Amino acid sequence: MTAPLLSVRDLRVTFPTRQGEFQAVRGLSFDLGRERLAIVGESGSGKSMTGRAILGLVRPPGRVEAAALTLQGRSILNLPERQMRAIRGGQISMVMQDPKFSLNPVMTVGQQIIEAYRLHARAPRGEARAKALEMLRAVQIREPERVMDTYPHEVSGGMGQRIMIAMMLAPGPQILIADEPTSALDVSVRGEVLSIMDNLVKDRGMGLIFISHDLNLVSRFCDRVLIMYAGRVVETLPARELHQARHPYTRGLLNSLPRLDAPVDRLAVLQRDEAWREPDPAAARADTDLPGGL
Amino acid sequence: MLRVEDLTIWFGQPPDRIDAVRGVGFDIAAGESFGLVGESGSGKSTILRAVAGLNPNWSGRIEVDGRPLRADRRDRAFFKTVQMVFQDPYASLHPRHSVDAVLGETLRLQGMDRIDSRIQKLLDDVGLGRGFRFRYPHQLSGGQRQRVAIARALAAEPRLLLLDEPTSALDVSVQAEILNLLADLRAEHGLTYLLVSHDLAVIAHMCDRLAVMQQGRIVEILSAAQLRGDAAEAPYSRHLIAASLGR
Ligand SMILES: Nc1ncnc2c1ncn2[C@@H]1O[C@H](COP(=O)(O)OP(=O)(O)O)[C@@H](O)[C@H]1O
Ligand SMILES: Nc1ncnc2c1ncn2[C@@H]1O[C@H](COP(=O)(O)OP(=O)(O)O)[C@@H](O)[C@H]1O
Ligand SMILES: [Mg+2]
Ligand SMILES: [Mg+2]
């Protein structure tokens with residue numbers, strides 16, 4: 001058995017507040033192989049904080065603690081910012097929800113991809129430019145030469161997100177963390193952006209952490225799903241078995257969705273249970289199981 | 001309840017005039033719920049804003065409850081009939097106004113009496129307990145804020161509600177609560193809805209009929225049954241349906 005790309009044990013993210021300490025992530029454990037792992041849950045359940053903690057992006061006074069946080073066997077827990085910067089973008093990249101906020105508005109698309117690549121590859125400009133064009137082609141942008149010279153506000157949302165993916169994948173990271181990468185996009189272009197991302201991740205044998213609140217989307221697009229509630233994983237499932245989920249929280253979320261293929265008179269409303277907040281001893285091991293074969 | 005004929009809506013003045021909506025038409029019967037779907041930028045919000053009297057730059061005909069709306073004049077009776085609820089419950093409430101102030105002010109603007117008991121009734125109607133009356137927006141969750149926005153729209157006792165992506169910013173569990181609430185309110189008060197959503201399943205659940213829009217035009221008007229039964233004909237509608245079924 002090979003070591004996982006990323007291993008997370010008992011991750012905690014804590015913020016001091018006026019009412020005392022608030023734990024946004026409360027003891028999360030999982031391993032990531034060369035697979036597409038989804039983290040789903042409602043807003044506030046700690047999905048983004050998990051991604052940010054892995055990348056060392058939780059700002060003080062927030063604190064990150066873990067029994068282990070390792071990237072290919074090497075601890076990356078609370079590394080000095082200089083070392084973390086080399087990992088960020090180089091070995092682990094992140095794509096956020098809205099390309100409008102992640103792209104620099106005063107730099108052309110080409111300049112940004114070239115800069116991002118050179119930061120990690122230390123390549124000469126000419127080579128970096130060739131790489132940028134290659135990446136734009138890889139995310140299926142037609143006329144990449146022309147797009148290189150455009151500014152972010154001149155491109156559509158779907159194209160902006162493909163540009164982000166091109167930029168993040170240029171340095172050849174092993175892991176991509178995508179935080180709601182298609183939530184700001186139209187339904188009609190979501191599929192396209194996802195399949196481009198999917199193909200790149202698969203071709204390069206990368207690991208993908210796909211953060212989303214959309215259960216149907218992740219059941220189609222990912223291999224494995226962690227369902228988070230109040231900072232913890234309540235259930236881990238193979239994605240194609242999501243609709244057979246057992247945990248009442250997961251079932252409640254699924255049942256509350258209106259469906260095109262199954263009309264109902266009234267939508268089911270989620271009845272929350274305090275017990276969901278506490279660890280389920282029987283589930284403790286399941287969180288860290290790797291998919292078959294890894 | 002709402003009749004729209006050959007409606008064109010533009011922004012800017014010639015030569016920079018852009019027609020965001022071009023010659024659309026549809027009818028909504030009293031008590032009916034009608035959906036608008038289409039990609040972003042196709043003109044859905046622009047139609048709602050024109051019907052709400054928020055954009056005077058239009059031509060064609062808009063009739064509410066048999067009375068033509070005039071682009072050049074807003075009248076109070078009209079605004080009692082038509083109210084709008086926006087997507088973002090965070091942006092649509094003033095951060096320094098309590099729930100009580102928001103509802104009280106709206107009621108006074110509408111020239112209502114018995115403000116105190118009406119506020120209580122509105123909070124009951126949208127399923128917010130009395131405890132919420134003196135809270136500020138930052139003390140409310142997204143779903144609670146959207147309930148306040150709905151209560152504010154109901155304050156004028158409208159007959160037509162224009163709902164612009166009212167649950168798009170909410171979690172699915174909260175979306176279910178708000179959609180149930182909207183369905184109950186429609187039944188109780190005999191309301192007519194014009195609902196915009198990018199989610200076809202939401203539209204199918206909430207609406208009797210819907211219009212599919214693309215680039216400022218309506219490409220097709222369908223019943224919810226036709227939508228569910230895969231009976232859409234326009235290629236763009238079929239594309240949207242396939243995308244939302246994940247095909
Ligand atoms: N700086 C902060 N101080 C206190 N609490 C915070 C801070 N940042 C985020 N949180 C809280 O952490 C929780 C998890 O947030 P987040 O990971 O962004 O949720 P998600 O991405 O699942 O919607 C939320 O309850 C949020 O309010
Ligand atoms: N205030 C405005 N000024 C200029 N153009 C606008 C304005 N509001 C909307 N538009 C344009 O009108 C078109 C339709 O927009 P909108 O009705 O908001 O679309 P939708 O709600 O379907 O996403 C878009 O091309 C948009 O850019
Ligand atoms: Mg988030
Ligand atoms: Mg809109």
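Letters A, B, ... mirror the listed sequences (proteins, then strands); counts begin at 1. Computed from a predicted model, the values in this text were never measured in an experiment.
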Which of residues 203-218 of chain B get closer than 4.5 angstrom to chain A, counting heavy atoms alone?
->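 Hits under 4.5 Å: B/Ala204, B/His205.
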Within 6.0 angstrom of [X] [atom1], more than 12 heavy atoms from elsewhere:
| X | atom1 | value |
| --- | --- | --- |
| B/Glu188 | CD | yes |
| B/Arg96 | CZ | no |
| B/Arg49 | CZ | no |
| B/Arg159 | CZ | no |

At a heavy-atom separation under 4.5 Å, does [X] approach chain B through its side chain, its backbone, both, or neither?
| X | result |
| --- | --- |
| A/Val189 | neither |
| A/Leu253 | both |
| A/Asp214 | neither |
| A/Arg259 | backbone |

A/Asn255 CG to B/Ser173 OG distance, which is reported to the nearest 0.5 Å =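 Answer rounded to 0.5 Å: 12.0 Å.
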What's the spacing between B/Leu245 CG and A/Asn216 CG if we round to 0.5 Å?
->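 Answer rounded to 0.5 Å: 9.5 Å.
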Does B/Arg228 use its side chain to pair, donor to acceptor, with the backbone of A/Ala262 at less than 3.5 Å?
-> no
Determine yes or no for a side-chain-to-main-chain donor-acceptor pair under 3.5 angstrom, with B/Asp171 supplying the side chain and A/Ser43 the backbone.
-> yes
Audit row: B/Gln175, A/Ser256, side chain to side chain donor-acceptor pair (under 3.5 Å) steps and yes/no = CA-CA 8 Å; B/Gln175 165 171 283; A/Ser256 66; over 6 Å; no
Taking heavy atoms only and a threshold strictly under 4.5 Å, list by residue number the residues of residues 157-168 of chain A that touch chain B; give 'none' if the list is empty.
->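 Those residues of residues 157-168 of chain A which would need a heavy atom under 4.5 Å from chain B do not exist here.
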Which atom pair, heavy atoms only, marks the closest approach of A/Val269 to B/Asn180?
->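 Residues A/Val269 and B/Asn180, closest heavy atoms: CG2-ND2, 3.4 Å.
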Minimum heavy-atom separation for A/Leu260 to B/Ala201, with atom names?
->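 Nearest pair, atom of A/Leu260 first, then B/Ala201: N-CB, 3.8 Å.
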In terms of heavy-atom pairs under 4.5 Å with chain A, the winner among B/Ala183, B/Gly41, B/Ala176, B/Ser168 is B/Ala176
Would you mind checking which part of B/Asp184 comes under 4.5 Å of any heavy atom in chain A, side chain (CB onward), backbone (N, CA, C, O), both or neither?
->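 When you check distances to chain A, only side chain atoms of B/Asp184 fall under 4.5 Å.
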